[in-house]
Amino acid sequence: FPVTIRPDELVMKLQKSHQNMDDIIKEVKELYLHRDSRLSLEPTSLPDCVQEASFIFEQSLQKKNIELQFFNHLNPKDKVMADHTSLTHSVLSNLISNSIKFAPPNSRVRITTKNEAGKIVLEIQDEGPGIPEMVIANVFNHQESESTRGTSGEMGSGLGLSIVKSFVDSYGGKLNIVNPGKGTQISITLDRAP
């Protein structure tokens, strides 16, 4: 079915996308220039980042008729130590984009935030074919992976998960990727802000 968007919504999305691209370029440059150090971390609302990143993919979700479900089990005062821009536009955007890319039409992508053992955990689970074990190993061994086509022929760069890993490392967090039988479950564990 065709996706329709009002002209004022389109202008707003284009302006937001332009600003997001500028922010992403600055963050990638910063990460590259300071490969051996961490970004400036500050208390960041994970649910706000999820909502902002989700907004970017509304049309992609509609096009494949994928339902994005967000289950927030955090207290409104709970924040993570991270960089808002990179968490939203480099980490979450890559993970949501991959979930949409590999999820079949008429499926679901589930995002959950929760407290666990004194840390804050973000989980993203899709209903796609799962990530090949070699690709997962390459992410953790800092090796390049080839791009693969999504369920509707979408192409990527093959760098998304490596970018996610680099930023999560810069936050002092932990990335975990598993194929629990159907789909992929990616979890990020971050420090709670004091």
Side-chain angles (χ1 to χ4, degrees), residues 27-28 30-31 34-57 66-103 107-143 145 159-194:
E27 291 298 332
V28 170
E30 183 73 17
L31 187 63
H34 300 93
R35 288 187 299 268
D36 298 325
S37 62
R38 292 184 177 181
L39 295 170
S40 275
L41 306 182
E42 58 190 14
T44 303
S45 168
L46 190 51
D48 287 353
C49 293
V50 170
Q51 294 292 348
E52 192 174 331
S54 300
F55 170 79
I56 297 167
F57 295 100
I66 295 173
E67 179 185 1
L68 182 65
Q69 300 175 326
F70 179 39
F71 300 95
N72 178 27
H73 301 290
L74 299 176
N75 181 304
K77 293 181 180 180
D78 286 339
K79 297 192 184 304
V80 296
M81 291 304 294
D83 169 73
H84 178 89
T85 300
S86 59
L87 180 58
T88 302
H89 301 292
S90 296
V91 175
L92 290 167
S93 289
N94 267 306
L95 295 177
I96 293 170
S97 174
N98 280 350
S99 291
I100 295 169
K101 178 178 170 184
F102 293 107
S107 64
R108 292 177 298 190
V109 172
R110 179 183 174 118
I111 301 175
T112 306
T113 54
K114 60 187 176 181
N115 287 298
E116 195 171 277
K119 303 276 188 175
I120 293 180
V121 178
L122 166 86
E123 291 179 349
I124 297 182
Q125 172 128 20
D126 63 45
E127 298 176 356
I131 299 175
E133 293 301 321
M134 179 62 85
V135 172
I136 295 173
N138 287 346
V139 169
F140 289 97
N141 294 327
H142 304 288
Q143 296 178 356
S145 291
L159 298 172
L161 287 175
S162 294
I163 291 170
V164 168
K165 172 98 170 72
S166 294
F167 277 109
V168 170
D169 287 350
S170 75
Y171 308 150
K174 181 181 175 188
L175 176 69
N176 189 39
I177 305 170
V178 295
N179 295 316
K182 181 178 183 184
T184 298
Q185 181 179 325
I186 297 178
S187 62
I188 296 173
T189 305
L190 299 171
D191 289 332
R192 181 188 281 115

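Model, not experiment: these values are computed from the prediction. When reading the values below, keep in mind they use all heavy atoms of this one structure, side chains included, and skip hydrogens, waters and symmetry mates.
- Evaluation of the side-chain hydrogen bond (donor to acceptor under 3.5 Å, both in side chains) rule for N176 yields no partner, not counting sequence neighbours.
- Looking at every heavy atom in both residues, V50 comes nearest to L92 through N-CD1, 3.7 Å.
- Interatomic distance, I136 CD1 to K165 NZ, rounded to the nearest 0.5 Å: 13.0 Å.
- Every residue was checked against the side-chain hydrogen bond (donor to acceptor under 3.5 Å, both in side chains) condition with S187, not counting sequence neighbours, and none meets it.
- By the 4.5 Å heavy-atom criterion applied to side chains, T113 and F70 are counted as neighbours.
- For V168 against K174, the heavy-atom pair with the smallest separation is CG1-N, 3.6 Å.
- The CZ atom of R192 sits 11.0 Å away from atom CD of E116, with the distance rounded to the nearest 0.5 Å.
- Within the model, atoms CG of L122 and CG of L175 stand 10.0 Å from one another, a figure rounded to the nearest 0.5 Å.
- Residue pairs meeting the side-chain hydrogen bond (donor to acceptor under 3.5 Å, both in side chains) criterion with at least one member in residues 73-82, sequence neighbours excluded, are D78-N115.
- Residue S99 holds its OG atom at 7.5 Å from CD1 of I111, rounded to the nearest 0.5 Å.
- Taken to the nearest 0.5 Å, the OG atom of S162 stands 12.5 Å off from the CZ atom of F167.
- Residues R110 and E123 are not in side-chain contact: their nearest non-hydrogen atoms beyond the backbone lie 4.5 Å or more apart.
- Here the closest non-hydrogen pair linking Q125 and K182 is NE2-O, 3.6 Å.
- Other residues, nucleotides and ligands contribute only 12 or fewer heavy atoms inside 6.0 Å of the CZ atom of R108.
- Judged purely by atom type and a 3.5 angstrom limit, S40 has no side-chain atom pairing as donor or acceptor with the backbone of D83.
- For the pair L190 and K119, the tightest heavy-atom approach, listed with the atom from each and the gap, is O-CB, 3.5 Å.
- Contact check for N138 versus L161: no side-chain heavy atoms found under the 4.5 Å cut-off.
- Rounding to the nearest 0.5 angstrom, the gap separating the CZ atom in F57 from the CD1 atom in I100 is 5.5 Å.
- Between I186 and V178 there is no side-chain heavy-atom pair separated by less than 4.5 Å.
- Minimum interatomic distance between S90 and V164 (heavy atoms only, all atoms of both residues): O-CG2, 3.9 Å.
- Counting only distance, with no hydrogens or angles, the side chain of T184 and the backbone of I131 share a donor-acceptor pair below 3.5 Å.
- Between V80 and the choices V121, T189, T44, I188, the side chain to side chain contact (heavy atoms under 4.5 Å, CB included) rule is met once, by T44.
- The closest side-chain heavy-atom distance from L87 to L46 is below 4.5 Å.
- For the pair E133 and N179, the minimum side-chain heavy-atom distance is below 4.5 Å.
- Here the closest heavy-atom approach between residue I56 and residue S93 is recorded as CD1-OG, 3.9 Å.
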